[in-house]
Peer 1: 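One structure is given below, represented as structure tokens, and several questions about it will come after.
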Amino acid sequence: MNDTNKERINFLLNRYINDKLSKLEFDELMHLVDACDDEPFRASVRKIIDQNTAALPREFVDNRISTVHANLRQLIAQDIQEQEVTRVRRIKPLWYWAAAASLVLAGLFTYQRFQQAPVPELTQTAPLDDIEPGSNKASIIIDGQEHILKDGEQGLIIGDNSISYEDGDVALAGIQTNKTIRIVTPYGGQYNLVLSDGSKVWLNAGSEISYQTDFARENRTIDLKGEAYFEVQKNKNLPFIVRSREQEIRVLGTEFNINAYSDEKIIKTTLKGGSLRVTANKQQTFLKPNQQAQFNTGSNALATKSVDADAAIAWKEGIIDLHGMSLQECMRNISRWYDVEIVYQNDIPAIEMGGRMSRGLKLSTFQKFLENNFSIHTKLTSDRKLTVAYANNK
């Protein structure tokens with residue numbers, strides 16, 4: 001199990017213990033625990049869950065489910081009684097106890113808001129190939145020569161004339177001056193790196209940054225394609241500049257995310273902390289934390305909106321946040337992370353998506369989510385094409 005999934009489990013457990021976990025997050029937690037291959041870690045998680053909510057891991061269900069059902073009313077009554085005594089703890093919603101009694105994991109990420117019409121029964125189909133989620137994959141390109149980075153490495157550290165992995169192993173040495181260096185992640189890949197000025201960059205799938213070898217000496221200019229999150233080291237004498245398509249970002253030191261994929265009509269720049277200036281099509285705006293600059297490449301209009309910055313950068317934390325996305329935008333995200341081609345069988349419905357899912361889950365989990373919550377059928381073929389069909393489309 002990768003470190004990202006373990007960090008996610010720890011985060012969800014903390015919310016679980018403090019009665020802050022949503023039903024959606026509870027289902028995600030149980031699914032991640034079920035998929036974990038680290039038995040000591042799983043055992044620790046089971047113990048925490050048992051002690052705090054009486055929810056039972058799948059392995060214990062067969063021989064303990066009757067006991068849970070028998071004690072269900074007592075558990076609810078006890079929680080209500082504690083609420084009356086303390087007036088501090090919230091009453092656990094019924095789903096806690098329902099989850100403890102049944103622990104049905106197949107319906108991951110239930111999103112009731114969109115279930116106004118009954119979901120048709122699933123038809124029996126032949127088993128389909130599954131696809132693993134993306135991982136740390138990238139390459140360095142200099143003068144047209146590509147250097148594939150090692151699988152499994154966590155990130156890169158950029159030096160003046162060399163590039164090393166975080167563990168100290170050299171990835172590329174003897175880099176000449178006056179060169180353009182490109183670091184590229186494919187579909188199904190991601191990578192993080194530390195630039196020579198100490199700034200940190202997280203590259204999402206299907207993205208690329210390029211810079212000159214005089215970076216941090218003569219300039220701090222980066223060209224971006226795709227999506228990246230930046231934590232910029234302060235340098236009052238040398239501003240940090242990010243150029244993406246028709247937009248330029250200028251900062252001294254801050255944290256922000258840029259989504260500038262070529263297949264997205266709107267370039268989104270989201271500020272997490274500090275301040276920054278966004279310039280696009282001779283228009284300019286200054287962002288404050290939890291604000292997003294949206295540049296429409298079709299109308300050439302630049303607008304500023306208040307957003308939840310954490311939701312915009314959830315991908316960096318190992319989460320795909322679907323809230324507010326259209327089906328098309330959602331599927332573009334899925335296409336990049338799982339490296340699949342999306343094919344629509346019929347007209348694309350105007351559906352607003354919702355829910356969150358771990359980037360560490362297999363594609364089949366997302367397919368079930370679409371089926372169970374939006375009546376959207378999908379079929380995966382061996383040529384990595386994912387056909388999407390809306391069940392209610394007439």
Side-chain angles (χ1 to χ4, degrees), residues 1-16 20-32 35 108-111 113-114 133-136 154-155 185 187-192 200-207 224 226-231 254-261 264 266-274 287 289-294 305-338 352-363 365-366 369-370 373:
M1 186 180 196
N2 59 44
D3 290 338
T4 298
N5 281 2
K6 284 189 177 180
E7 290 177 3
R8 181 62 180 169
I9 289 176
N10 287 330
F11 170 78
L12 293 173
L13 277 176
N14 184 63
R15 290 177 59 80
Y16 195 91
K20 295 181 179 179
L21 203 69
S22 67
K23 174 63 169 64
L24 213 69
E25 290 172 323
F26 180 83
D27 288 343
E28 179 189 357
L29 170 62
M30 299 312 298
H31 187 95
L32 288 173
L108 185 64
F109 303 116
T110 302
Y111 200 72
R113 173 182 170 188
F114 299 98
S135 58
N136 290 334
Q154 296 299 313
T185 55
Y187 274 27
Q190 64 180 8
Y191 229 80
N192 63 282
K200 298 179 181 179
V201 183
W202 286 259
L203 275 178
N204 205 348
S207 301
L224 168 68
E227 183 169 23
Y229 179 80
F230 297 85
E231 289 184 1
T254 187
E255 302 175 26
F256 60 97
N257 188 84
I258 301 177
N259 183 321
Y261 286 108
E264 298 290 351
I266 297 177
I267 301 175
K268 298 178 181 178
T269 302
T270 309
L271 184 61
K272 172 67 175 177
L287 296 184
N290 286 311
Q291 285 188 330
Q292 184 179 84
Q294 299 184 354
K305 294 186 177 181
S306 295
V307 298
D308 179 2
D310 289 332
I313 63 174
W315 68 268
K316 170 182 168 288
E317 306 302 327
I319 297 296
I320 299 176
D321 194 315
L322 304 175
H323 288 96
M325 286 189 183
S326 66
L327 176 61
Q328 288 173 288
E329 185 180 0
C330 166
M331 297 312 298
R332 287 194 293 269
N333 276 270
I334 294 302
S335 172
R336 298 178 195 121
W337 185 235
Y338 291 94
E352 180 180 331
M353 305 297 291
R356 290 157 59 92
M357 64 175 281
S358 168
R359 282 163 64 104
L361 299 175
K362 293 183 179 182
L363 179 60
T365 301
F366 179 73
F369 162 64
L370 289 179
N373 296 280

Peer 1: Hey, what do you get for OG1 (Thr270) to NZ (Lys305), rounding to the nearest 0.5 Å?
Peer 2: 12.0 Å

Peer 1: Which heavy atom in Asn257 sits nearest to a heavy atom in Ala228, and how many Å separate them?
Peer 2: OD1-O, 3.3 Å

Peer 1: Less than 4.5 Å apart, any side-chain heavy atom of Ile320 and any of Arg356?
Peer 2: no

Peer 1: With no hydrogens and no angle check, is any side-chain donor or acceptor of Thr185 less than 3.5 Å from a backbone partner on Ser207?
Peer 2: yes

Peer 1: With sequence neighbours excluded, what pairs up with Glu329 under the salt bridge (charged side-chain N to carboxylate O under 4.0 Å, His left out) test?
Peer 2: Lys268

Peer 1: Show the nearest heavy-atom pair for residues Gly354 and Phe369, with the distance to one decimal.
Peer 2: O-CZ, 3.2 Å

Peer 1: Calculate, to the nearest 0.5 Å, the distance between atoms CG and CD belonging to Leu271 and Gln291 respectively.
Peer 2: 8.0 Å

Peer 1: Asn204 and side chain to side chain donor-acceptor pair (under 3.5 Å): which partner among Gln190, Arg359, Arg336?
Peer 2: Arg359

Peer 1: For a quick test of reading the model, state the closest non-hydrogen atom pair linking Pro133 to Gly360 and the distance between them.
Peer 2: CG-O, 3.5 Å

Peer 1: Starting from the C-alpha separation in whole Å, work towards a yes-or-no answer on side chain to side chain contact (heavy atoms under 4.5 Å, CB included) for Lys362 and Tyr338.
Peer 2: CA-CA 8 Å; Lys362 293 183 179 182; Tyr338 291 94; 5.6 Å; no

Peer 1: To the nearest 0.5 Å, what is the distance between CZ on Phe256 and CG on Leu287?
Peer 2: 10.0 Å

Peer 1: For a quick test of your reading: what N or O donor-acceptor pairs under 3.5 Å do the side chains of residues 306-313 make, sequence neighbours left out?
Peer 2:
from, atom 1, to, atom 2, distance (Å)
Asp308, OD1, Asp310, N, 3.1
Asp310, OD1, Lys272, NZ, 2.4

Peer 1: Of all heavy-atom pairs between Phe366 and Cys330, which one has the smallest distance, and what is that distance?
Peer 2: CZ-SG, 3.5 Å

Peer 1: Which atom names give the shortest non-hydrogen contact between Pro289 and Gly274, and what distance separates them?
Peer 2: CD-O, 3.4 Å

Peer 1: Starting from the C-alpha separation in whole Å, work towards a yes-or-no answer on side chain to side chain contact (heavy atoms under 4.5 Å, CB included) for His323 and Met353.
Peer 2: CA-CA 6 Å; His323 288 96; Met353 305 297 291; over 6 Å; no

Peer 1: Side chain to side chain contact (heavy atoms under 4.5 Å, CB included) with Leu224: which of Val201, Asn259, Ile258?
Peer 2: Ile258

Peer 1: Report the C-alpha distance between Glu352 and Met325 in whole Å, list the side-chain angles of each, state the deciding distance to 0.1 Å, and finish with yes or no for side chain to side chain contact (heavy atoms under 4.5 Å, CB included).
Peer 2: CA-CA 6 Å; Glu352 180 180 331; Met325 286 189 183; over 6 Å; no

Peer 1: Hey, are Glu227 and Trp315 close enough side-chain-wise for a donor-acceptor pair under 3.5 Å?
Peer 2: yes

